[in-house]
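Report on the following structure.
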Number of protein chains: 2
Amino acid sequence: MTSQAEENYLKAIFKIAEKENKAVQTNAVAAAMQTTAASVTDMLKRLAEKNLIAYEKYRGVQLTDAGCRLATDLIRKHRLWEVFLVEKLGFAWDEVHDLAEQLEHVQGDELVQRLDTYLNNPRFDPHGDPIPDAEGRWEFRPQTLLANLEPGEQGIITGVQEHSTAFLQYLGQVGLTLGVSLQLVERIDYDQSVRVRLHDARELTLSEKVSKNLFLKIENT
Amino acid sequence: MTSQAEENYLKAIFKIAEKENKAVQTNAVAAAMQTTAASVTDMLKRLAEKNLIAYEKYRGVQLTDAGCRLATDLIRKHRLWEVFLVEKLGFAWDEVHDLAEQLEHVQGDELVQRLDTYLNNPRFDPHGDPIPDAEGRWEFRPQTLLANLEPGEQGIITGVQEHSTAFLQYLGQVGLTLGVSLQLVERIDYDQSVRVRLHDARELTLSEKVSKNLFLKIENT
DNA sequence: TAAAATTTTTAGACTAATCTAAAAATAATG
DNA sequence: CATTATTTTTAGATTAGTCTAAAAATTTTA
């Protein structure tokens, strides 16, 4: 059996490993978990003992197949619960993370399977992140940052890079949510901000920061 | 903040206090929590420190108003989640206890409130137990044990005294669930077993044990 | 009401998870 | 390549929650 603390470490390691394709460093985990390197070292020993990670002193860690599977299951549960909270209970997309963080630790395969069915086997969560299936596989969906669009190109919002409450709330306020279609009108050379046109012809100016955190699926017009 | 362990103790104390109207004994808590008296004593000190119980050495405990409120909130959450699991996810009434036991510890007032609304503010859980409202109050519903019915009297099943999987499964197998209407045909003197007639004219013989664990609302015919 | 039985508490130890401070290993730099 | 700087690990403590075994308090019984 894995404790909640262990599960949280596994998830953190998985997410760091997703971005960098080298062994995950102790300090990176400490930063992600908001704790000290010493605590991380202790936990890494425990996880290695349980064969959930391959750990070599001073050399960083990698998830084993078992650890990777556990992490994937956690992410599956987290994202399914997020769908539930938004679709069924009517929470906003910036309100569900902390609740899902708790719900993902509830044990019960049957529960996850039934929840999945109840939600009609969603493949993406309310932030556009893919939901692993019962076998731990998930769908890859090609998407581009708004920052990489050429003027004139058009796309549908499919996800966010940053998940902060502030960013999600801002997007919600200006009417940018998943599925919204927009066209890049112009990129300002001076500060790399972008002017975009929405479906209803309304125009918005978005900072470079925003454009580098918003994913779109480019539409052929 | 209260830990899950603390919450479980509060709930156990609440449930024992519900039945006996004297101070709750250490050993009773130990039995309910399936642990030792020594562990209970340790926990009682912690809970007293937090003013959740009134504790006097060797004299047993009572919940304070704060402790009682916390216990009630937990029961509210537990029973709401049970409704969710049965009504929305299609679990059987004998499968939901352990899952609800985990879900009840998820923190978030907004979550509970929205869940309650989503489920149409149910007043009773799948076993017929009352669900406290957001203020901690619940509905009293007069009900009688099948064992106390007179021959000829008729009633609707409203709840169970015992919550064991075995009992619930047995009831399910013979078609006895909440809302089922039945009439007491005869009580056998020899072993106090009862013969009952269902709505569809089918007759069943139920042991004394069953009749002492099944609640009914008597119907005036 | 004194002895026996029961209940409860204390004492001391253990594990998981965390911390700070110091030591050790690795990486970076002049 | 020797010396900093950084990263990581160890050492030693702390807290919550649990345990066993023994001591203390209370209750029951003769």
Side-chain angles (χ1 to χ4, degrees), chain A residues 1-13 16-17 19-63 66-67 70-71 74 101-102 104-105 107, chain B residues 1-13 16-17 19-63 67 70-71 74 101-102 104-107:
Chain A
M1 194 78 292
T2 52
S3 70
Q4 291 198 191
E6 288 169 339
E7 291 186 343
N8 286 332
Y9 273 95
L10 288 176
K11 212 169 43 130
I13 294 166
I16 297 163
K19 306 197 169 169
E20 316 163 28
N21 56 336
K22 48 173 184 165
V24 173
Q25 300 197 104
T26 304
N27 263 353
V29 179
M33 296 292 297
Q34 309 207 75
T35 185
T36 62
S39 302
V40 175
T41 301
D42 284 349
M43 182 55 93
L44 294 184
K45 286 178 187 168
R46 272 192 291 274
L47 293 173
E49 191 60 40
K50 295 190 176 189
N51 290 310
L52 297 170
I53 59 170
Y55 171 51
E56 228 184 320
K57 270 191 183 184
Y58 294 101
R59 285 281 131 83
V61 289
Q62 269 191 303
L63 293 178
L70 253 167
L74 279 166
E101 205 73 11
Q102 297 181 66
E104 75 190 6
H105 297 294
Q107 303 289 332
Chain B
M1 193 78 291
T2 52
S3 71
Q4 291 199 190
E6 288 168 339
E7 291 187 341
N8 287 332
Y9 273 94
L10 289 175
K11 212 169 42 128
I13 294 166
I16 297 164
K19 305 196 170 171
E20 314 165 28
N21 56 336
K22 46 173 184 165
V24 174
Q25 300 197 106
T26 305
N27 262 354
V29 178
M33 298 292 296
Q34 309 209 72
T35 183
T36 62
S39 303
V40 175
T41 300
D42 285 347
M43 181 56 93
L44 294 184
K45 285 178 187 168
R46 273 192 291 275
L47 293 173
E49 192 60 41
K50 295 190 175 188
N51 290 310
L52 296 171
I53 58 170
Y55 171 51
E56 227 184 320
K57 269 192 185 181
Y58 294 101
R59 285 282 129 83
V61 290
Q62 269 191 302
L63 293 178
L70 254 166
L74 279 166
E101 206 72 12
Q102 297 180 66
E104 75 189 7
H105 297 294
V106 174
Q107 302 289 332

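Computed over heavy atoms, backbone and side chain alike; hydrogens, waters and symmetry mates excluded. Numbered from 1 within each chain, the chains take letters A, B, ... in sequence-line order. Note that the structure is predicted; figures quoted are calculated from it, not measured.
Rounded to an integer number of Å, the gap from CG of B:Asn27 to P of D:dT27 is 14 Å. Straight-line distance from the CE atom of A:Met33 to the C1' atom of C:dT18: 11 Å, rounded to whole Å. Atom CE in A:Met1 sits about 12 Å away from atom P in C:dA17, given to the nearest Å. Rounded to a whole Å, the CD atom of A:Gln34 is 11 Å from the P atom of C:dC19.
Side-chain atoms of B:Leu70 and B:Lys11, non-hydrogen and from C-beta on, never get closer than 4.5 Å to each other. Under the 4.5 Å side-chain criterion, counting only non-hydrogen atoms from C-beta, A:Asn8 is in contact with A:Glu104. Counting heavy atoms from C-beta on, the side chains of B:His105 and B:Gln102 never come closer than 4.5 Å. Contact annotation: the side chain of B:Thr35 approaches that of B:Tyr9 to within less than 4.5 Å [non-hydrogen atoms, C-beta and beyond].
OP1 or OP2 of D:dT7 has not a single side-chain nitrogen or oxygen of A:Gln25 nearer than 4.0 Å. The phosphate of D:dG17 (OP1 or OP2) has no side-chain N or O of B:Thr35 nearer than 4.0 angstrom.
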Stepwise side-chain contact (heavy atoms from CB on, under 4.5 Å) check, B:Ile16 with B:Gln25: CA-CA 9 Å; B:Ile16 297 164; B:Gln25 300 197 106; over 6 Å; no

Result block: side-chain N/O donor-acceptor pairs under 3.5 angstrom for residues 43-61 of chain B, not counting sequence neighbours:
from: B:Lys50; atom 1: NZ; to: B:Met1; atom 2: O; distance (Å): 3.0
from: B:Lys50; atom 1: NZ; to: B:Glu6; atom 2: OE1; distance (Å): 3.0
from: B:Lys50; atom 1: NZ; to: B:Glu6; atom 2: OE2; distance (Å): 2.9

Generate the contact string for nucleotides 9-16 of chain D. Rules: B means base contact, S means sugar-phosphate contact only, - means no protein heavy atom under 4.0 Å. BB------

